Engineer: 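Below: one structure in structure tokens.
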Amino acid sequence: MKEIIILGSTGSIGRQTLDIVRNYPDLFNVVGMSCNSNIELFNRQIAEFKPEYVFVNDKDSRLKCELCGAVMLESSESLASINKGQIVVTAMVGISGLLPTIAAINSGKDIALANKETLVAGGEIVIKLAKEKGVNIYPVDSEHSAIWQSSNYGKAKDIKGLILTASGGAFRGKSKKELENVKAIDALKHPTWNMGAKVTIDSATLMNKGLEIIEAKHLFNISAEKISVVIHKQSIIHSLVTYNDNSVIAELSYPDMRLPIQLALTYPSKIDTKLPELDLAEVAKLTFEKPDLNTFPCLGIAMECAKKGGYYPTIMNGANEIAVQAFLNDKIGFYDIPDIIEKAINKCETQKPVTLDGVFEIDNMARIIAMDLIK
């Protein structure tokens with residue numbers, strides 16, 4: 001039986017991970033869980049899955065936690081470091097996932113990575129540390145899981161390039177003029193996936209795909225110039241790998257995050273998912289189009305940051321997190337998001353060697369600049 005720790009059990013990925021545990025109680029045992037503030041759901045999860053260790057980030061919510069015999073720890077890092085668990089599902093949102101992921105790696109646990117900002121902000125550090133510790137990082141994003149599978153679980157040596165597919169988000173096909181006055185409530189209406197608010201806004205701006213380019217660069221040790229994006233509204237092909245002979249291998253399935261989550265937990269085995277089998281005749285039509293970088297400038301910004309490397313992705317990510325939250329709170333407009341990110345990039349120091357302290361220093365600087373711009 002595999003022991004699992006879930007960082008962010010009340011979020012979309014965390015809940016779907018628990019669905020898998022619920023379906024396969026003989027294969028998985030949840031020994032640790034954390035949440036931010038959704039204490040009512042967290043209490044129900046504790047009662048059902050009976051973890052030995054828990055952590056609640058919000059102090060007021062922590063006081064309402066019904067432990068049911070579990071031990072309350074002082075941080076996500078301490079939870080990731082307990083002397084139990086073979087794999088940690090990092091389902092937290094934003095750069096808050098970086099330190100717990102490093103703590104888990106240092107304690108020798110494999111990572112089921114659902115927190116893309118960990119590699120966007122600190123990819124060089126995290127990948128190097130995982131290699132030093134002999135720890136595996138299994139991708140949970142549907143796109144990276146598709147690349148992982150289509151590249152023989154990262155073992156293929158003759159890869160020419162990677163193609164990330166994007167649904168296009170809530171505003172696919174819209175013109176720049178049509179998007180000038182949209183609100184967060186409009187951006188949250190994703191046509192395909194049911195995700196958290198931050199990820200859904202990132203999908204609407206196409207920043208989510210930009211973050212995935214940077215993540216793929218680190219996960220698969222490939223230059224950003226060899227990673228491209230194509231809009232595929234049906235979300236059936238989850239990404240593709242192009243080989244040196246120009247053949248292309250893709251992974252197809254109905255859009256359901258339980259598939260990549262389960263593979264990360266069961267690798268190298270593929271087991272029944274209890275999900276519907278893909279019927280191509282029913283799908284009937286698959287379409288593709290190039291992304292419009294003029295209408296969705298966040299993707300272009302991320303592509304440039306991916307190529308430059310260093311602290312550029314860290315600055316971009318920090319400013320984006322602040323801008324997205326401001327957009328969700330109706331404090332700024334849709335096109336203020338890329339404007340704030342670009343200004344933060346231009347104002348931040350980028351020449352220092354990349355260190356963990358440097359990542360948090362630069363991230364904090366980017367956030368302060370972004371908040372000042374919003375004011």
Side-chain angles (χ1 to χ4, degrees), residues 8 36 57 76-77 90 92-102 113-128 184 187 196-218 224 293 296-375:
N36 182 42
N57 185 55
S76 295
E77 294 94 289
T90 60
M92 301 167 72
V93 176
I95 199 173
S96 61
L98 177 55
L99 286 179
T101 302
I102 289 174
L113 186 70
N115 172 254
K116 57 176 61 68
E117 291 88 351
T118 288
L119 292 189
V120 171
E124 293 179 27
I125 297 164
V126 171
I127 296 298
K128 181 181 178 183
K198 197 268 182 182
V199 179
T200 306
I201 299 300
D202 282 345
S203 180
T205 65
L206 290 192
M207 175 56 85
N208 196 46
K209 213 49 50 179
L211 299 177
E212 288 173 6
I213 289 174
I214 300 168
E215 189 179 2
K217 169 186 170 182
H218 292 298
L293 299 185
F296 301 99
C298 281
L299 178 55
I301 294 170
M303 286 175 166
E304 285 302 309
C305 288
K307 292 172 185 175
K308 290 178 179 177
Y311 284 121
Y312 279 96
T314 306
I315 300 165
M316 180 198 75
N317 181 72
N320 180 63
E321 286 192 23
I322 295 298
V324 166
Q325 190 58 54
F327 179 64
L328 282 167
N329 294 335
D330 291 326
K331 291 182 178 179
I332 62 172
F334 185 72
Y335 283 111
D336 289 323
I337 297 174
D339 184 54
I340 288 167
I341 295 168
E342 282 195 315
K343 287 178 178 175
I345 290 171
N346 291 333
K347 290 185 177 185
C348 276
E349 170 64 50
T350 58
Q351 303 305 315
K352 299 177 182 178
V354 176
T355 65
L356 185 58
D357 287 342
V359 165
F360 284 103
E361 178 188 341
I362 295 293
D363 172 76
N364 185 58
M365 188 185 304
R367 290 168 188 270
I368 290 171
I369 292 170
M371 286 188 283
D372 287 343
L373 289 168
I374 290 166
K375 290 176 185 177

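Keep in mind that this is a model prediction, so the values were computed, not measured. Positions are given from 1, in the same order as the sequence printed here.
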Engineer: With side-chain contact (heavy atoms from CB on, under 4.5 Å) as the test, would you mind laying out the steps for F360 and L99 before giving the verdict?
Structural biologist: CA-CA 10 Å; F360 284 103; L99 286 179; 3.5 Å; yes

Engineer: Under a 3.5 Å distance rule, please check whether K347 uses its side chain to pair with a backbone N or O of I369 as donor and acceptor.
Structural biologist: no

Engineer: Taking the side chain from Y335 and the backbone from F296, do they hold a donor-acceptor pair closer than 3.5 Å?
Structural biologist: no

Engineer: Checking the side chain of N329 only, and the main-chain atoms of Q325 only, is there a donor and an acceptor separated by less than 3.5 Å?
Structural biologist: yes

Engineer: Using the salt bridge (charged side-chain N to carboxylate O under 4.0 Å, His left out) criterion, which residues pair with D336? Sequence neighbours excluded.
Structural biologist: none

Engineer: Are the side chain of N115 and the backbone N or O of G94 linked by a donor-acceptor pair below 3.5 Å?
Structural biologist: yes

Engineer: If we ignore angles and hydrogens, is there a donor and acceptor under 3.5 Å between the side chains of N317 and E321?
Structural biologist: yes

Engineer: I need the minimum non-hydrogen distance between V359 and Y311, along with the two atoms involved.
Structural biologist: N-CE2, 3.6 Å

Engineer: Looking only at heavy atoms, which two atoms of I374 and A326 are closest? And how far apart?
Structural biologist: CD1-CB, 3.5 Å

Engineer: List the steps and the verdict of side-chain contact (heavy atoms from CB on, under 4.5 Å) for D363 and L98.
Structural biologist: CA-CA 12 Å; D363 172 76; L98 177 55; over 6 Å; no

Engineer: Which heavy-atom pair separates N208 from S203 by the least distance, and what is that distance?
Structural biologist: CB-N, 3.7 Å

Engineer: Shortest non-hydrogen contact from A302 to G210?
Structural biologist: CB-CA, 3.3 Å

Engineer: Test side-chain contact (heavy atoms from CB on, under 4.5 Å) on T90 and T118 and set out the steps.
Structural biologist: CA-CA 9 Å; T90 60; T118 288; 5.6 Å; no

Engineer: Would L211 and M316 satisfy side-chain contact (heavy atoms from CB on, under 4.5 Å), going step by step from the backbone distance to the final call?
Structural biologist: CA-CA 9 Å; L211 299 177; M316 180 198 75; 3.6 Å; yes

Engineer: Under the salt bridge (charged side-chain N to carboxylate O under 4.0 Å, His left out) rule, collect the residues that match up with K307, sequence neighbours excluded.
Structural biologist: E304

Engineer: What are the two closest non-hydrogen atoms of V126 and T101, and how far apart are they?
Structural biologist: CG1-CG2, 4.5 Å

Engineer: Taking atom NZ of K198 as the centre, report whether more than 12 heavy atoms of other residues, nucleotides or ligands fall under 6.0 Å from it.
Structural biologist: yes

Engineer: Of all the heavy-atom pairs spanning I345 and C305, show the shortest one and how long it is.
Structural biologist: CD1-SG, 3.6 Å

